[in-house]
Trainee: 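To start, I am sharing the structure in question, which I have written as structure tokens.
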Amino acid sequence: MENYKKSKIVEKPSLLPFTNLPSDIIEMKVKDGSKIRNLMGYAIGKMESDSVRQILFTGSGKAISKTITCVEIMKRRLKGLHQITKVLFKQIEEIWEPIVPEAGLDALTVKRNIPAICVLLSKDALDSQEPGYQAPGSFDAFWIETLKAESQGQIKRKQGGGRGAGHTGKHPRSVGGRGESYKKP
């Protein structure tokens, strides 16, 4: 591959994993270089209006974590949103051109499957039996239950793991037994 350079990436169109979406749904296509501030300014502005009931966030490859961040910000700003999350693969084609065209090398086409995520947020109730469904406030309820269980002592934390007693590092503080300090001869 040292004789080739990537000339372009073609993303194959794929169908959305949701059925019965309105034709005018707002789809926020999150890219790796997208600014969260710009995405959220537009998305929150639209969702705060009464006419928009649903919004769809999509991202693939390196943009998946940014997509999830946008969704979580949206859920914090606008309480009571229902969520369905779908994880899938998208196919992309990378076109590799030879660096030296006179060398007699052909262009290469590499097909790759990359992970992608689609998150539907809705002000209206969604099908709770749908895989990937999260009810409004279910995240907070999980953490409240976890904190209650911890305070009642039901969850035992693993002890140790740090540089505790019995471990001497590269430069021990004392040589010999306890309490004996090292003295230069």
Side-chain angles (χ1 to χ4, degrees), residues 5-97 107 109-152 154-155:
K5 65 177 185 237
K6 195 184 304 184
S7 64
K8 67 178 178 176
I9 298 175
V10 178
E11 192 173 303
K12 294 291 181 183
S14 60
L15 297 174
L16 292 175
F18 299 103
T19 57
N20 302 328
L21 287 178
S23 60
D24 62 341
I25 190 165
I26 297 170
E27 182 180 358
M28 302 296 295
K29 293 183 180 180
V30 181
K31 303 287 185 191
D32 190 31
S34 300
K35 300 281 186 228
I36 292 177
R37 182 180 340 122
N38 297 342
L39 292 167
M40 296 315 300
Y42 181 79
I44 290 172
K46 288 291 187 181
M47 279 299 275
E48 285 177 341
S49 72
D50 291 334
S51 62
V52 177
R53 306 298 299 164
Q54 295 180 334
I55 192 165
L56 181 67
F57 283 88
T58 60
S60 59
K62 294 178 182 177
I64 288 178
S65 60
K66 194 173 283 193
T67 305
I68 294 169
T69 300
C70 289
V71 168
E72 294 301 324
I73 291 171
M74 179 73 82
K75 287 172 27 182
R76 287 229 177 197
R77 292 274 181 92
L78 303 172
K79 300 290 184 195
L81 292 177
H82 298 262
Q83 172 182 339
I84 295 180
T85 305
K86 300 284 185 182
V87 179
L88 58 136
F89 284 96
K90 275 187 171 176
Q91 190 176 63
I92 62 168
E93 283 186 0
E94 296 176 343
I95 311 296
W96 292 76
E97 300 287 340
T109 302
V110 179
K111 293 181 181 179
R112 292 184 26 207
N113 290 322
I114 58 170
I117 190 167
C118 293
V119 182
L120 176 65
L121 295 176
S122 177
K123 294 177 185 175
D124 305 320
L126 298 169
D127 181 11
S128 61
Q129 301 304 311
E130 181 83 23
Y133 174 78
Q134 287 183 16
S138 61
F139 177 78
D140 295 333
F142 169 77
W143 285 110
I144 289 169
E145 285 298 316
T146 303
L147 290 173
K148 280 183 188 175
E150 274 185 7
S151 67
Q152 295 170 355
Q154 294 175 351
I155 298 175

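Residues: numbered from 1 along the sequence shown.
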Trainee: So which atom in Glu48 and which in Lys123 form the shortest heavy-atom distance, rounded to 0.1 Å?
Mentor: C-NZ, 4.3 Å

Trainee: Minimum heavy-atom separation for Asp50 to Arg53, with atom names?
Mentor: O-CD, 3.8 Å

Trainee: I'd like to check the side chain to side chain donor-acceptor pair (under 3.5 Å) partners of Tyr42; sequence neighbours left out, ordered by chain and number.
Mentor: none

Trainee: Return the OG to CD distance between Ser14 and Gln91, rounded to the nearest 0.5 Å.
Mentor: 10.0 Å

Trainee: Taking salt bridge (Lys or Arg N to Asp or Glu O under 4.0 Å) as the test, write out the residues that go with Arg77, two or more places apart.
Mentor: none

Trainee: Run the salt bridge (Lys or Arg N to Asp or Glu O under 4.0 Å) test against Lys6 and tell me which residues pass, sequence neighbours left out.
Mentor: Glu94

Trainee: Please report the shortest heavy-atom distance between Tyr133 and Ser128, naming the atom on each side.
Mentor: CD2-CA, 3.6 Å

Trainee: Taking side chain to side chain donor-acceptor pair (under 3.5 Å) as the test, write out the residues that go with Lys86, two or more places apart.
Mentor: Glu130

Trainee: Verify the distance criterion only: is there a donor paired with an acceptor across the side chains of Lys75 and Gln83 at less than 3.5 Å?
Mentor: yes

Trainee: For residues Gln134 and Thr85, is any side-chain donor paired with an opposing acceptor at under 3.5 Å?
Mentor: no

Trainee: Please find the pair of heavy atoms, one from Gln54 and one from Leu21, that lie closest to each other, and give the distance.
Mentor: OE1-CD2, 4.0 Å

Trainee: Could you pull out the closest heavy-atom pair between Pro115 and Ile64, with the gap in Å?
Mentor: O-CD1, 3.5 Å

Trainee: Search all heavy atoms of Leu56 against all heavy atoms of Cys118 and return the closest pair with its distance.
Mentor: CD1-CB, 4.4 Å

Trainee: Could you check Met47 against Leu81 for side chain to side chain contact (heavy atoms under 4.5 Å, CB included), going step by step and ending with a plain yes or no?
Mentor: CA-CA 10 Å; Met47 279 299 275; Leu81 292 177; 3.8 Å; yes

Trainee: What pairs with Ser60 under side chain to side chain donor-acceptor pair (under 3.5 Å), at least two apart in sequence or on another chain?
Mentor: none

Trainee: Glu97: what forms a side chain to side chain donor-acceptor pair (under 3.5 Å) with it, not counting sequence neighbours?
Mentor: none

